[in-house]
Amino acid sequence: MRTDILLIEEPTRGIDVGTKVEIYRLLRDFANQGGAVLLVASDLIEVMGLCDRILVVRAGQIVAEVDAESATEKSVLERSLRSGSDDNRSRGASSVLLQIQMEQLRTGISPYTVSVPVLLFAALALAAPNFLDGQNLSNLSGQVTALLLVTLGQLVVCLVAGIDLSVGSVVGLASCIAATQSDPLVLIVLALALGLGVGLVNGCGVALAGIHPLIMTLSSMTFLQGLALLVLPIPGGGVPPFLLRAAKATILDMPVSLIWCAAAMTLLAVLLHRTRLGLHIFAVGANGSNARLNGVRSRRVTVIAYVLCSLLSVAAGLYLSGHVSSGDPTMGQAFALDSITAAALEGVRLTGGVGSILGCVTGTLTLGFVTNGINLLGISPFLRLAVTGTLLLVAICLQRRSTIGL
């Protein structure tokens with residue numbers, strides 16, 4: 001009985017090179033004799049070498065079609081990490097809903113939750129008389145700016161399926177260094193050395209030594225806490241004038257912190273969405289084994305992610321020391337939990353591959369407003385930790401529910 005259509009999945013997985021060549025020859029002979037072969041495979045080199053047309057499937061939907069003759073690894077990977085083509089946007093309400101779902105999967109943010117921080121802001125403006133005071137808004141701006149920088153770093157690590165518990169200790173140690181160094185050049189060199197050093201240690205421990213991210217970064221957190229206490233045993237010190245100006249200045253009556261946030265977000269957006277490294281970061285978190293099969297150096301990408309996270313945490317520590325005009329070895333204690341919570345609140349998937357900068361912004365604002373509201377309304381500060389922990393638990397449960405399809 002002649003077969004006209006052959007459906008085959010991963011035909012060469014786990015076999016030797018000689019057998020692969022023979023399977024390729026048999027498939028090509030079948031197609032040359034008029035048969036149709038539908039090949040499902042994750043090896044891009046194999047797909048581009050065998051197929052005449054390549055259909056890119058994501059989340060059960062065909063999101064792109066690529067001509068095999070002009071296909072490259074980069075072009076196929078880019079399409080596999082993006083939502084469907086813009087042509088689908090005009091195909092009715094169902095297509096619009098599909099685009100929204102695909103965008104949420106790609107960016108890690110639901111378009112319906114962007115309004116949460118806006119509603120919280122309005123509620124606090126009505127419920128807390130001091131919320132709109134200049135001093136409170138200044139304090140809120142400082143906390144949100146520092147937390148956003150740390151959360152952006154946590155985003156990069158989460159995208160490669162990692163996590164960094166040492167970010168709070170990095171913030172504290174950076175603030176201590178800032179409070180004990182008056183020479184701007186020395187301070188900048190020490191800050192860069194701190195960020196690079198901690199990032200390399202964490203990244204190499206996770207990617208090269210195979211240590212679990214929680215264990216590796218927990219060890220770094222403990223070590224850095226002790227080091228911060230050695231540098232500055234008690235809060236205080238003198239912060240260099242240039243840090244004070246950088247943290248407290250205003251431009252057109254707007255805090256300069258907005259400029260630092262915008263600059264960090266822009267640079268990170270370019271890196272994640274306009275460079276090969278960004279594409280590889282998403283690929284490693286989405287499917288590390290497939291990424292390695294397709295030539296992505298996942299270990300190096302993971303190390304770079306941890307370095308970026310540490311550098312952003314150092315920037316947060318320097319900014320915060322300028323904002324409060326002193327150093328404090330315990331300044332960043334809450335940032336590890338807060339940054340993970342802020343990221344997870346708006347869909348940054350802790351298992352990797354999904355997340356967005358906008359999601360980090362909305363999650364940070366949401367957590368910042370909740371914390372500020374608890375303080376202004378005279379609620380016990382112990383409730384803040386309970387609220388943060390509850391929000392993180394809810395976010396993780398929602399992520400798990402969407403992942404397993406409940």
Side-chain angles (χ1 to χ4, degrees), residues 109-152 154 167-168 171-172 175 235 244 247-262 264-265 316-317 319-326 328 330-348 357-395 398:
I109 181 172
S110 167
Y112 307 111
T113 59
V114 178
S115 59
V116 171
V118 177
L119 295 175
L120 280 173
F121 183 92
L124 287 174
L126 294 174
N130 298 329
F131 178 71
L132 296 178
D133 287 355
Q135 184 61 44
N136 180 66
L137 291 179
S138 176
N139 293 335
L140 178 62
S141 171
Q143 290 294 327
V144 167
T145 297
L147 178 57
L148 177 59
L149 290 173
V150 178
T151 304
L152 291 175
Q154 200 73 253
V167 289
V171 170
S175 76
L244 296 174
K248 297 184 177 182
T250 58
I251 297 178
L252 299 177
D253 294 328
M254 292 188 300
V256 75
S257 60
L258 295 178
I259 296 177
W260 302 131
C261 288
M265 291 163 56
Y319 169 80
L320 206 53
S321 65
H323 183 75
V324 300
S325 304
S326 69
D328 186 347
T330 63
M331 182 179 286
Q333 281 185 342
F335 277 88
L337 178 61
D338 286 354
S339 62
I340 296 170
T341 303
L345 273 176
E346 290 299 342
V348 176
I357 294 173
L358 181 57
C360 288
V361 174
T362 54
T364 300
L365 289 175
T366 298
L367 189 58
F369 290 152
V370 168
T371 301
N372 189 252
I374 289 175
N375 294 333
L376 290 179
L377 296 175
I379 301 173
S380 171
F382 296 108
L383 184 62
R384 178 196 177 282
L385 293 175
V387 170
T388 303
T390 302
L391 289 175
L392 178 58
L393 181 61
V394 170
L398 290 176

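What you see is a predicted model; the values in this text were computed from it and never measured.
Contact between L365 and P117 at its shortest, heavy atoms only, is CB-CB, 3.8 Å. Taking each heavy atom of L148 and C261 in turn, the nearest pair found is CD2-SG, 3.8 Å. Closest non-hydrogen pair, S325 versus L244, comes out as OG-CD2, 3.6 Å. The minimum heavy-atom distance linking A127 with L377 is given by the pair O-CD2, 3.9 Å. Closest non-hydrogen pair, V150 versus A316, comes out as CG2-CB, 3.6 Å.
The CG atom of L337 sits 4.0 Å away from atom OG1 of T341, with the distance rounded to the nearest 0.5 Å. Note that the CG atom of L149 and the OG atom of S339 stand 11.5 Å from one another [nearest 0.5 Å]. If you take CG on L124 and CD1 on I374, they are separated by 10.0 Å, rounding to the nearest 0.5 Å.
No side-chain heavy atom of L358 sits less than 4.5 Å from a side-chain heavy atom of M265. Looking at V167 and V171, their side chains never come closer than 4.5 Å, going by heavy atoms from C-beta outward. Within the 4.5 Å cutoff, side-chain heavy atoms of L152 are placed close to those of I357. Counting heavy atoms from C-beta outward, Q154 and I340 have side chains that approach closer than 4.5 Å.
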Practice problem: Decide side-chain contact (heavy atoms from CB on, under 4.5 Å) for T366 and L120; before the verdict, give the C-alpha distance in whole Å, the side-chain angles of both, and the deciding distance to 0.1 Å. | Solution: CA-CA 7 Å; T366 298; L120 280 173; 3.7 Å; yes
Quiz prompt | side-chain contact (heavy atoms from CB on, under 4.5 Å) between L320 and F335, intermediate numbers included | solution = CA-CA 12 Å; L320 206 53; F335 277 88; 3.9 Å; yes
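By the side chain to side chain donor-acceptor pair (under 3.5 Å) test, T330 pairs with D328, sequence neighbours left out. Legend: residues meeting side chain to side chain contact (heavy atoms under 4.5 Å, CB included) with T390, ordered by chain and number and at least two apart, are V394. Listed by chain and number, the residues in a side chain to side chain contact (heavy atoms under 4.5 Å, CB included) with N139 are Q135, H323 (sequence neighbours excluded). Take A342 and apply the side chain to side chain contact (heavy atoms under 4.5 Å, CB included) test, not counting sequence neighbours, and it matches T151, T364, L367. Take S138 and apply the side chain to side chain donor-acceptor pair (under 3.5 Å) test, not counting sequence neighbours, and it matches no residue. When the side chain to side chain donor-acceptor pair (under 3.5 Å) test is applied to S141, the partners found at least two apart in sequence or on another chain are S257. With sequence neighbours left out, the ring-ring contact (aromatic ring centres under 6.0 Å, His included) criterion links F131 to F121. Here S175 pairs with nothing under the side chain to side chain donor-acceptor pair (under 3.5 Å) rule; sequence neighbours left out.
A donor-acceptor pair under 3.5 Å is absent between the side-chain atoms of T145 and the main chain of G142, judged by distance alone.
Residue pairs meeting the salt bridge (charged side-chain N to carboxylate O under 4.0 Å, His left out) criterion with at least one partner in residues 332-344, sequence neighbours excluded, are D338-R384.
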